[in-house]
Amino acid sequence: MAVKAYFLLLCFVLAGCGPRIDRTEDRVVKNSGQPDVPPLILGDVERVGGTAFVTMSVMPKRDSGNSYGSITFGSRDAGTERNRLILNTATGESRKVLPDEHFEVRQWIVLGDAPSQDNVYDVSSDQAKGQTPADSYAMVVRRPSSEKERPPTYDVLLGHFSTGRQQWVATKLNDVQSIWLTKEGRIAFIGAQGGKPIYRLYAPDDFRQLLERPLAF
């Protein structure tokens with residue numbers, strides 16, 4: 001009996017001295033907290049008038065489209081827009097407007113009056129005289145945190161194509177009626193907050209709010 005006990009103890013000691021498998025990497029991967037990202041679609045190319053920039057909508061993949069790995073190119077109406085890709089065709093640099101695809105993009109607005117579909121922007125043409133190349137954009141989104149809100153609320157993001165600067169300028173809006181660039185170069189906004197229609201003006205350089213007035217409605 002003593003010999004058997006000694007033999008079992010020896011096996012235990014030898015097993016403890018053997019090579020150990022480190023599972024740290026597996027635990028890091030499993031507990032990374034990164035959500036699953038569905039396959040995506042890049043929509044039609046949209047030129048930004050007077051600039052070297054083009055944009056493409058980013059949407060969840062559906063059955064249609066031409067697949068290239070995990071990215072699919074398809075029609076813009078293939079699904080709800082979740083993000084927007086901006087490409088500088090002169091440098092090849094690109095970026096996404098939103099940090100991930102968990103937002104729901106309700107409006108994408110290029111702020112400028114230059115022709116947006118021309119292959120070449122001729123500043124000497126009659127059509128382009130007095131027009132300013134578009135350098136700003138606005139995006140109206142519904143955040144993931146507001147999915148259960150009834151009625152839904154929306155946020156507004158303003159940004160620059162050239163510098164990449166962006167800023168959230170409005171949150172918890174009931175509605176966004178229109179966003180445009182005034183003749184003075186300011187960004188104008190008409191929407192509703194707290195159930196009341198409002199008008200705002202934003203500075204085009206740093207997006208600070210310059211004015212807010214209720215509408216006589």
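- At least one side-chain heavy atom of R165 sits under 4.5 Å from a side-chain heavy atom of H160.
- Residues satisfying the ring-ring contact (aromatic ring centres under 6.0 Å, His included) criterion with F189, sequence neighbours excluded, are absent altogether.
- In this view, R208 and D205, D206 satisfy the salt bridge (Lys or Arg N to Asp or Glu O under 4.0 Å) rule, not counting sequence neighbours.
- Contact detail for T171 and D155: the closest heavy-atom pair is CA-OD1, 3.1 Å.
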What do the steps show when you test E104 against R106 for salt bridge (charged side-chain N to carboxylate O under 4.0 Å, His left out), and what is the final call?
-> CA-CA 6 Å; E104 181 180 327; R106 304 307 299 266; 3.5 Å; yes
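- For the residue pair R84 / T55, a side-chain donor-acceptor distance below 3.5 Å is found, with atom types taken as modelled.
- Put simply, the side chain of Q107 does not reach to within 4.5 Å of the side chain of E81, judged on heavy atoms.
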Evaluate the side-chain contact (heavy atoms from CB on, under 4.5 Å) criterion for residues V169 and L157: first the C-alpha distance (whole Å), next the side-chain angles of each, then the deciding distance (0.1 Å), finally the verdict.
-> CA-CA 6 Å; V169 297; L157 177 73; over 6 Å; no
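- Residues passing the salt bridge (Lys or Arg N to Asp or Glu O under 4.0 Å) test with R186: none are found, sequence neighbours excluded.
- Follow the hydrophobic side-chain contacts under 4.5 Å out from L201 and you never reach F207; the two are in separate clusters.
- In terms of heavy atoms, N83 sits closest to V105 at N-CG2, 3.8 Å.
- Closest approach of I187 and A203 over heavy atoms only: CD1-O, 4.5 Å.
- The nearest pair of heavy atoms linking P197 to F217 is CG-CB, 3.8 Å.
- In this structure, the side chains of I41 and V58 stay at 4.5 Å or more apart for every pair of heavy atoms.
- Considering every non-hydrogen atom in both V110 and A134, the closest pair reads CG1-CB, 3.5 Å.
- Residues forming a side-chain hydrogen bond (donor to acceptor under 3.5 Å, both in side chains) with S162 (at least two apart in sequence, or on another chain): D135.
- Annotation: F53 is in aromatic contact with F161 [ring centroid separation under 6.0 Å].
- Heavy-atom minimum distance, M139 versus W108: CE-CE3, 3.5 Å.
- The shortest distance between side-chain heavy atoms of I190 and I198 does not fall below 4.5 Å.
- Under the salt bridge (Lys or Arg N to Asp or Glu O under 4.0 Å) criterion, K96 pairs with E101, sequence neighbours left out.
- Each of V48, L158, I86 was evaluated against Y137; a single residue qualifies, I86, per the side-chain contact (heavy atoms from CB on, under 4.5 Å) test.
- Screening residues 175-184 for side chain to side chain donor-acceptor pair (under 3.5 Å), with sequence neighbours left out, gives T182-E184.
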